[in-house]
Amino acid sequence: MWRLLPDSIDRRVIAAAWATLVVQIGIVATGGLVRLTGSGLGCPTWPRCTDGSFVATPEMGIHGVIEFGNRLLTFVLVIVAIVTFLFVVRMRRTRRDLFWLALIIGLYVPVQAIIGGITVLTNLNPYVVGLHYLASAILVALAAVFVARVYAAPGPRARAVPSWYAITTHVTSLFVAITVIVGILVTGSGPHAGDGGAARNGLDAEFMQHVHSWPAYILLSLTLVLLVGAFRMPRTLRLPLWTGLLLAVEVAQTLIGLWQARTGLPIVLVNIHMTLAVLLVAAMAAVVMHLKAPVAASEDALLATRTHR
């Protein structure tokens, strides 16, 4: 069995990497459905669904089905995490980056499940729910990094872009984080509590929507700078592609955000907005991961950039 496991990057490893990213994004979408349909307490306790049953009962209705269905998806995440780890375990010396990323993601999944359980036990406290979402965003970022590293050449890496571009990218990452965190606070002040009896965080929802837009527009401006500058960076980094993807997600996120705010926050649009937020995190992670190249290539790239300037 050990010999059947990959000892280098092949299609199985690539498929596992993408599966990791897809299921981490998917659990956010289904978790949003739980919240937006008011099914957050469809299973009123944890780890059981009820005091006497691990599964939803017919008496619990559709809310129990939705909440229990989302809990079942955690097992899919666990299976994918285990398979991914097994696919890189033989490369633990040659590709230590993949080994440790797979291990961290695998250990993080049950921690995230525990945070989800605490949200139920605290009657959907908006700050705990927000922490649950933030933990998912971090998992998506790790999964995106894992995908990027699967395609990267092994060995030492170094920055292959000028200092100003790297700094601008990291500042952009900061505003991605700020935008997501403020968005979590906005959701915690709005009408979608996950259950009719769940508390809100007490912030002014309308004012928080305006506050949310401030870092979002700064983020959009910084991304435009990155996109323009990307065309002056080494072609091997493919930064126009990744910054273009980041900008596309931001534009979609902005349009959906404006649309939902002007139409009374319909659950379909809110769920899309929540999912796009973690796609934004993944796209930002992809940009950051493409600032570096193998040491020899990065030195040549920086020299070429200086010569071009």
Side-chain angles (χ1 to χ4, degrees), residues 1-31 46-48 54-55 68-117 132 134-160 236-238 241-242 245 278-279 281-298:
M1 289 296 294
W2 179 258
R3 291 179 179 177
L4 291 175
L5 296 176
D7 59 1
S8 61
I9 304 298
D10 60 16
R11 291 181 180 180
R12 292 173 294 174
V13 180
I14 294 173
W18 279 105
T20 300
L21 180 59
V22 169
V23 297
Q24 293 297 344
I25 294 173
I27 198 72
V28 172
T30 58
W46 187 88
R48 295 174 180 262
F54 278 101
V55 301
F68 182 68
N70 187 62
R71 292 189 183 189
L72 284 178
L73 287 177
T74 301
F75 293 100
V76 176
L77 267 66
V78 170
I79 293 170
V80 171
I82 291 173
V83 171
T84 301
F85 179 74
L86 290 175
F87 280 175
V88 300
V89 71
R90 284 189 68 188
M91 294 181 275
R92 64 190 183 281
R93 291 186 177 88
T94 57
R95 294 303 304 266
R96 295 180 56 140
D97 53 342
L98 299 182
F99 174 81
W100 285 109
L101 278 168
L103 180 61
I104 291 170
I105 292 171
L107 295 176
Y108 201 151
V109 169
V111 172
Q112 170 70 319
I114 292 172
I115 297 174
H132 188 45
L134 185 60
S136 291
I138 294 172
L139 268 171
V140 169
L142 290 172
V145 170
F146 187 81
V147 171
R149 293 298 290 153
V150 161
Y151 288 99
R157 298 170 63 80
R159 177 171 55 83
T236 54
L237 299 177
R238 303 178 70 190
L241 170 65
W242 302 114
L245 175 63
V278 291
L279 284 172
V281 171
M284 188 71 249
V287 174
V288 172
M289 292 304 296
H290 286 83
L291 297 180
K292 292 185 176 182
V295 172
S298 66

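By the 4.5 Å heavy-atom criterion applied to side chains, Val147 and Met289 are not counted as neighbours. Contact check for Arg12 versus Val83: no side-chain heavy atoms found under the 4.5 Å cut-off. Looking only at side-chain heavy atoms (C-beta outward), Ile9 and Val88 stay at 4.5 Å or farther from each other. Side chains of Phe146 and Leu21 form no contact here, defined as non-hydrogen atoms less than 4.5 Å apart. In this structure, Ile105 and Gln24 have side chains that are in contact, with non-hydrogen atoms separated by less than 4.5 Å.
Closest of all the heavy-atom pairs between Val13 and Ser8 is CG2-O, 4.0 Å. Across Val281 and Ala137, no two heavy atoms sit closer than the pair CG1-O, 3.6 Å. Residues Ala282 and Val140 share a closest heavy-atom pair of CB-CG1, 3.8 Å. Annotation for Ala152 and Arg95: closest pair O-NH1, 3.5 Å, computed over non-hydrogen atoms. Listed here is the closest heavy atom pair of Ala141 and Ala285: O-CB, 4.1 Å. Residues Gly31 and Asn70 share a closest heavy-atom pair of N-OD1, 3.4 Å.
Remark: the backbone N or O of His132 is paired with a side-chain donor or acceptor of Gln112 at under 3.5 angstrom. The backbone N or O of Arg48 sits less than 3.5 Å from a side-chain atom of Arg71, completing a donor-acceptor pair.
Within a 6.0 Å sphere centred on CZ of Phe75, heavy atoms belonging to other residues, nucleotides or ligands number 12 at most.
Atoms OG1 and CG, from Thr30 and Leu72 in turn, are 10.5 Å apart once rounded to the nearest 0.5 Å. Atoms CG and CE, from Leu86 and Met1 in turn, are 8.5 Å apart once rounded to the nearest 0.5 Å. To the nearest 0.5 angstrom, Leu103 atom CG is 12.0 Å from Arg96 atom CZ. The distance from atom CZ of Arg90 to atom CG of Leu5, rounded to the nearest 0.5 Å, is 6.5 Å. Between atom OG1 of residue Thr20 and atom CG of residue Leu139 there is a gap of 10.0 Å, rounded to the nearest 0.5 Å. Expressed to the nearest 0.5 Å, how far CD1 of Ile138 lies from CD1 of Ile104 amounts to 12.0 Å.
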Test side chain to side chain contact (heavy atoms under 4.5 Å, CB included) applied to Phe87 and Asp10, step by step:
CA-CA 9 Å; Phe87 280 175; Asp10 60 16; over 6 Å; no
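None of Ile79, Thr84, Val80, Val78 except one satisfies the side-chain contact (heavy atoms from CB on, under 4.5 Å) rule with Ile82; the exception is Val78.
Relative orientation of the Phe85 and Phe99 rings is tilted, given thresholds of 30° and 60° on the angle between their planes.
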